[in-house]
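Here is the structure we will look at, set down as structure tokens.
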Amino acid sequence: PVVAIIVAAGRGLRAGGGLPKQYRRLGDRLVLTRTLEVFLTHADVALVQPVLHPDDDALYRAVLAELDGGLARRLAPPTAGGATRQ
């Protein structure tokens, strides 16, 4: 089986604006919602593992609220990212 790991723990400091890029709106959807949906709807992907910043629980709940409920069953509980990209 294929597992997609979506690394979304960044702070987006270079982009400015105070809110990490993955939690900003692109049109009518959050960027992370759009990203997760691509993999959750892909026929070859069995599970999607999000990697998030530990402080982003409330922001991630907004993403979950936008997802179709049926897709969430293929979504693993988030895991925490490291302090740096490396």
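In this text the structure is predicted, and so the values were computed from the model without any measurement.
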Practice item. Could you tell me whether the side chain of Arg73 and the main chain of Gly70 form a donor-acceptor pair under 3.5 Å? Key: yes
Point to revise | Sequence neighbours excluded - salt bridge (charged side-chain N to carboxylate O under 4.0 Å, His left out) pairs with any residue from residues 37-54 | key: Arg29-Glu37
Exercise for review: Return the minimal non-hydrogen interatomic distance between Pro20 and Leu59, and the atom names on each side.
Suggested key: CD-CD1, 4.5 Å
Practice item. State, to 0.1 Å, how close Gly10 and Gln22 come at their nearest heavy-atom pair, and which atoms those are. Key: O-NE2, 3.0 Å
Study note, to complete from the structure: So side-chain hydrogen bond (donor to acceptor under 3.5 Å, both in side chains) across residues 57-68, not counting sequence neighbours, yields Arg25-Glu66, Thr33-Glu66
Check your understanding: Which is it for Leu75 and Leu64 under the side chain to side chain contact (heavy atoms under 4.5 Å, CB included) test, yes or no, and what are the steps along the way?
Key -> CA-CA 10 Å; Leu75 189 60; Leu64 293 176; 3.5 Å; yes
Exercise for review: Decide side chain to side chain contact (heavy atoms under 4.5 Å, CB included) for Leu32 and Ile6; before the verdict, give the C-alpha distance in whole Å, the side-chain angles of both, and the deciding distance to 0.1 Å.
Suggested key: CA-CA 9 Å; Leu32 185 52; Ile6 308 300; 4.0 Å; yes
**Study point:** Co-membership, hydrophobic cluster, residues Leu36 and Val2, 4.5 Å side-chain
**Key:** yes
**Study point:** pair Arg34-Asp28: side-chain heavy atoms closer than 4.5 Å
**Key:** yes
Exercise for review: Indicate if Leu19 and Val31 have the same hydrophobic cluster label, given that clusters are the connected sets of ILVMFWY residues with side-chain heavy-atom separations under 4.5 angstrom.
Suggested key: no
Point to revise | For the student: nearest non-hydrogen atoms of Ala9 and Gly81, plus distance | key: CB-CA, 4.0 Å
Exercise for review: Treating Ile, Leu, Val, Met, Phe, Trp and Tyr as nodes and any side-chain heavy-atom pair under 4.5 angstrom as an edge, say whether Val38 and Leu26 lie in one connected cluster.
Suggested key: no
Exercise for review: Measure across Ala76 and Leu47 and return the closest heavy-atom pair with its distance rounded to 0.1 Å.
Suggested key: N-CD1, 3.9 Å
Practice item. Check whether Phe39 and Tyr23 end up in the same hydrophobic cluster, where Ile, Leu, Val, Met, Phe, Trp and Tyr are linked by side-chain heavy atoms less than 4.5 Å apart. Key: yes
